[in-house]
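Here is the naming used below: chain letters follow the sequence lines, and residue numbers restart at 1 for every chain.
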Amino acid sequence: MLGDELAHRKAKVEEWRSRGIDPYGSKFVRTHSAAEIIDNFSELEGEEVSIAGRVMAFRGHGKASFLDIVDMSGRIQLYGKHDALGDEQYELLRLVDIGDIVGVTGTAFRTRRGEISVAVSSFRLLSKALRPLPEKWHGLRDVDIRYRQRYLDLMVNPEVQRTFLLRTRIISAIREFLDSRGFLEVETPCMHAIAGGATARPFITHHNALDMELYLRIATELHLKRLIVGGLEKVYELGRIFRNEGISTKHNPEFTSIEVYEAYADYYDMMDLTEGLVAYVAESVLGTMAVEYQGEKIDFTPPWTRMTMAEAVRNETGIDFLSLEQKEAVAACRKLGLEVPDHAGCGLCMSEAYEEFVESSLIQPTIVMDYPIDVSPLAKKRADNPDLTYRFEVVCAGRELANAFTELNDPGDQLERFLAQVAQREKGDEEAHMMDDDFITALEYGMPPTGGMGLGVDRLVMLLTDSASIRDVILFPLMRPKE
RNA sequence: GGGCCACUAGCUCAGGCGGUAGAGCACCGGACUUUUAAUCCGGGUGUCGCGGGUUCGAGUCCCGCGUGGCUCACCA
């Protein structure tokens, strides 16, 4: 049982100490990584190298032993023999357990079987592992343990390391793309007195000294637009967002978004920007814009299909909601089996039909344009149809990837929209926007015409790493505590 | 929140119709100086998620609970 194993390994800790060796060693100077030795073997053969890593396998052969150790770059074999190490050091080598972390100095060589290895001339125990590692070829499968003890997942499942390495590269590529185009990365508060910028329920916290409730941000939008008012014409923020909502394979309570704002631009510019950003990231991280996601081929090569929501809904349901009277639209919705209130406008009816019948069927990246005003309280209304806005979403693999619009910069219109949201809120809609007088004040100073875009970074990482669940791309996803 | 499924050794898993709990790896003891899923000899290490119930007898059947997965709903 585990207790026996723990006790056995703790006894080994004492064994090391009794020999005057601290089993939790100090700094070890490495000359190479495992991959460097393997990649540069022709120059390193016969040379002395120092490497460190975790012991992943131990094959003892009496007076000689083979150990596989792993560092961040990869795996390499160690060869220790009694002749070279002497009685005492060889005895210590045989005391090493799988899972221990060792530092080794030795000579790079190739074994009879052709494997590049290090012949150990001296070694140090750098950290003693008290618990056994998961099984060596099936790895760790239990997703509960994988998420709760991610370090184990990273230790034994190489594809998990690859996913998180790609995540890091994706985030770097996003910054490269935007920085190179003159966008300024900024940091705005995570704690808000008013939670705005999205329709979502916030987490609530409390500031003791000010004795006030604060909300964790549900979006970065309203602060970034204040910066546009202030003259920072091209800004972006890459950061954590918190929404107090359900957990699913596509939702984690805290997730990462990128929001970009550009003064004097509109939603057409945001379409180009979004296509360019995603294509750049895919190309620079994966070397291709065509990926496979959960068995589907997805091609991010621009330009993406662009269609209005009205067209998309008409194609799927045969109904042209925009040509209907309000009562007809409600009736049409109900005929489709959707529940909508009596007073629902044509736009709301259309977006209900869109979400139910269209969104999940859009696999290739698709720009769905001209969202109804009812569901777009921060987007500028269309000049040719005040029921619609200059807003689009990018849908891919049947889910939202990005959301963008020509920003509403008319303070009077914005005030009316907030008032409508507040009315919704008073009817019990906890996700409707709160009134944000300070944001209205900012708009009253004049915000230039602006295009803005927000993109779910975790979802982009999912698409580019072929991950089925958002929990597979977040190092430490939220889990209910055990017990 | 609803439905379905899973939970057995450190890990990965098997356990027909209720009858003393199994394998591989890991681990423990022994042999072995170029192995690599090392090999050979010997050893099974367990609160079958938790709590009740039915039964002569429960890993197995029933009820409740917990955690997780999938899914629907909700949600950008």
Exercise for the section: Quick one: list whatever passes side-chain contact (heavy atoms from CB on, under 4.5 Å) with A:H82, sequence neighbours left out. Expected result: A:K63, A:D87, A:Y90
Handout entry: A:V375: partners by side-chain contact (heavy atoms from CB on, under 4.5 Å), with sequence neighbours left out
Key = A:L348, A:S351, A:Y371, A:P372, A:R391
Fill in the blank from the handout: Applying ring-ring contact (aromatic ring centres under 6.0 Å, His included) to A:F439 and not counting sequence neighbours gives none
Exercise for the section: Would you mind telling me which residue lines up with the more 5' stretch of RNA chain B, A:A200 or A:D144, judged by nearest nucleotide? Expected result: A:D144
Problem - Atom-to-atom span, CZ of A:F203 to C1' of B:C75 - whole angstrom - result: 13 Å
Problem - d(OH, A:Y354; C1', B:C75) in whole Å - result: 15 Å
Handout entry: Inter-nucleotide C1' distance (B:G66, B:C50), Å rounded
Key = 7 Å
Practice task
Using a 4.0 Å heavy-atom cut-off across all strands, classify A:R201 as base, sugar-phosphate, or nothing.
Solution key: nothing
Practice task
With C1' as the reference atom in both, quote the distance from B:U45 to B:U8 in angstrom, rounded to an integer.
Solution key: 14 Å
Practice task
Could you give the distance separating B:C65 and B:G3 at their P atoms, to the nearest angstrom?
Solution key: 11 Å
Exercise for the section: Could you check whether the rings of A:H433 and A:F418 sit parallel, tilted or perpendicular, using 30° and 60° as the cut-offs? Expected result: tilted
Fill in the blank from the handout: Smallest heavy-atom separation, A:V13 atom then A:P23 atom, equals CG1-CG, 3.7 Å
Handout entry: A:A397 to A:L463 - nearest heavy-atom pair and separation
Key = CB-CD2, 3.8 Å
Handout entry: Rounded P spacing from B:A31 to B:U12 in Å
Key = 33 Å
Extract from the structure each pairing of a protein N or O with an N or O of nucleotides 35-39 of chain B at less than 3.5 Å, listing the distance.
residue: B:U35; atom: OP2; partner: A:R113; partner atom: NE; Å: 2.8
residue: B:U35; atom: O2'; partner: A:H61; partner atom: NE2; Å: 3.4
residue: B:U35; atom: O2; partner: A:R59; partner atom: NE; Å: 2.8
residue: B:U35; atom: O2; partner: A:R59; partner atom: NH2; Å: 3.2
residue: B:U35; atom: O2; partner: A:Q77; partner atom: OE1; Å: 3.2
residue: B:U35; atom: N3; partner: A:Q77; partner atom: OE1; Å: 2.7
residue: B:U35; atom: N3; partner: A:Q77; partner atom: NE2; Å: 2.9
residue: B:U35; atom: O4; partner: A:Q77; partner atom: NE2; Å: 2.5
residue: B:U35; atom: O4; partner: A:T111; partner atom: OG1; Å: 2.8
residue: B:U36; atom: OP2; partner: A:R113; partner atom: NH1; Å: 2.8
residue: B:U36; atom: OP2; partner: A:R113; partner atom: NH2; Å: 3.4
residue: B:U36; atom: O4'; partner: A:R59; partner atom: NE; Å: 3.3
residue: B:U36; atom: O2; partner: A:Q77; partner atom: OE1; Å: 3.3
residue: B:U36; atom: O2; partner: A:E115; partner atom: OE1; Å: 2.8
residue: B:U36; atom: N3; partner: A:E115; partner atom: OE1; Å: 2.5
residue: B:A37; atom: N1; partner: A:W137; partner atom: NE1; Å: 3.1
residue: B:A37; atom: N3; partner: A:W137; partner atom: NE1; Å: 3.1
residue: B:A38; atom: OP1; partner: A:K136; partner atom: NZ; Å: 2.6
residue: B:A38; atom: OP2; partner: A:R59; partner atom: NH1; Å: 3.4
residue: B:A38; atom: N6; partner: A:G60; partner atom: O; Å: 2.5
residue: B:A38; atom: N1; partner: A:H61; partner atom: ND1; Å: 3.3

Practice task
Output yes when at least one side-chain N/O atom of A:R480 is less than 4.0 Å from OP1 or OP2 of B:G66, else no.
Solution key: no
Problem - Integer angstrom distance from the P of B:G30 to that of B:C11 - result: 27 Å
Problem - Distance-only polar pair, side chains of A:S117 and A:Q77, donor-acceptor under 3.5 Å - result: yes
Practice task
Record whether the side chain of A:D4 comes under 3.5 Å of the base of B:U45 through a donor-acceptor pair of N or O atoms.
Solution key: no
Exercise for the section: Could you pull out all residues at least two apart from A:H61 that satisfy ring-ring contact (aromatic ring centres under 6.0 Å, His included)? Expected result: A:F66
Exercise for the section: Take the protein atom CD of A:Q149 and the nucleotide atom C1' of B:G68, then report the distance between them rounded to whole Å. Expected result: 14 Å
Exercise for the section: Before accepting this row, confirm whether a basic side-chain N of the pair A:K128/A:E14 lies closer than 4.0 Å to the acidic partner's carboxylate O. Expected result: no
Problem - Atom pair distance, as rounded to whole Å: CZ in A:R131 and P in B:C11 - result: 11 Å
Practice task
Take atom NZ of A:K81 and atom C1' of B:C32, then tell me their distance rounded to the nearest Å.
Solution key: 15 Å
Handout entry: B:G59, syn or anti by chi within 90 degrees of zero
Key = anti
Problem - Those residues that, when tested against A:F109, pass ring-ring contact (aromatic ring centres under 6.0 Å, His included) (two or more places apart) - result: A:Y79
Completion exercise
So, with a heavy-atom separation below 4.0 Å from RNA chain B, the residues of residues 85-107 of chain A are A:R94, A:I98
Exercise for the section: Please tell me which of the listed nucleotides, B:C75, B:U33, B:G68, lies nearest to the side chain of A:D83? Expected result: B:U33
Problem - Rounded interatomic separation in angstrom, taking NE2 from A:H8 and P from B:G43 - result: 18 Å
Exercise for the section: Working to the nearest 0.5 Å, report the span between CD1 of A:I116 and CZ of A:R110. Expected result: 4.5 Å
Exercise for the section: May I have the distance from A:L133 (atom CG) to B:U12 (atom C1'), rounded to whole angstrom? Expected result: 14 Å
So which protein nitrogen or oxygen atoms get under 3.5 Å of nucleotides 70-73 of chain B's nitrogens or oxygens?
none

Handout entry: side-chain N/O A:R146 vs B:G68 OP1/OP2, d < 4.0 Å
Key = no
Practice task
Represent RNA chain B in dot-bracket notation, 5' to 3'. Only Watson-Crick or G-U wobble pairs with both distances under 3.5 Å count; pseudoknot-style crossings use [ ] and interstrand partners use |.
Solution key: (((((((..((((.....[..))))((((((.......))))).)...(((((..]....))))))))))))....
Exercise for the section: Can you see which heavy atom on A:M462 is nearest to which on A:S469, and at what distance? Expected result: CE-C, 3.8 Å
Practice task
Taking atom P in both B:A21 and B:U36, compute the distance separating them and give it to the nearest angstrom.
Solution key: 38 Å
Practice task
Look at all strands and tell whether A:R110 reaches a base, only sugar-phosphate, or nothing, counting heavy atoms closer than 4.0 Å.
Solution key: nothing
Problem - A:R148 or A:R9, whichever maps to the more 5' nucleotide of RNA chain B - result: A:R9
Problem - Separation between the C1' atoms of B:U60 and B:G15, rounded to whole Å - result: 9 Å
Handout entry: Separation between the C1' atoms of B:G69 and B:U33, rounded to whole Å
Key = 49 Å
Return a table of donor-acceptor pairs under 3.5 angstrom between the side chains of residues 470-479 of chain A and protein atoms on other chains or two or more places apart.
residue: A:R471; atom: NH2; partner: A:L478; partner atom: O; Å: 2.7
residue: A:D472; atom: OD1; partner: A:Y147; partner atom: OH; Å: 2.8

Exercise for the section: Rounded off to whole Å, could you give me the CD-to-C1' distance for the A:E5 and B:G43 pair? Expected result: 15 Å
Practice task
Tell me whether the centres of the aromatic rings in A:F405 and A:Y267 are closer together than 6.0 Å.
Solution key: no
Exercise for the section: With heavy atoms under 4.0 Å as the rule, sort A:E431 into base, sugar-phosphate or nothing. Expected result: sugar-phosphate
Fill in the blank from the handout: side-chain contact (heavy atoms from CB on, under 4.5 Å) filter on A:A34, not counting sequence neighbours, yields A:D71, A:S73, A:I76
Exercise for the section: Tell me what A:R391 touches on the nucleic acid: a base, only sugar-phosphate, or nothing, going by heavy atoms under 4.0 Å. Expected result: base
Exercise for the section: Identify which nucleotide among B:G10, B:U33, B:U12 has an atom closest to any side-chain atom of A:A64, counting heavy atoms from C-beta outward. Expected result: B:U33
Handout entry: Partners passing side-chain contact (heavy atoms from CB on, under 4.5 Å) against A:N409 (at least two apart in sequence or in another chain)
Key = A:K380, A:M447, A:P449
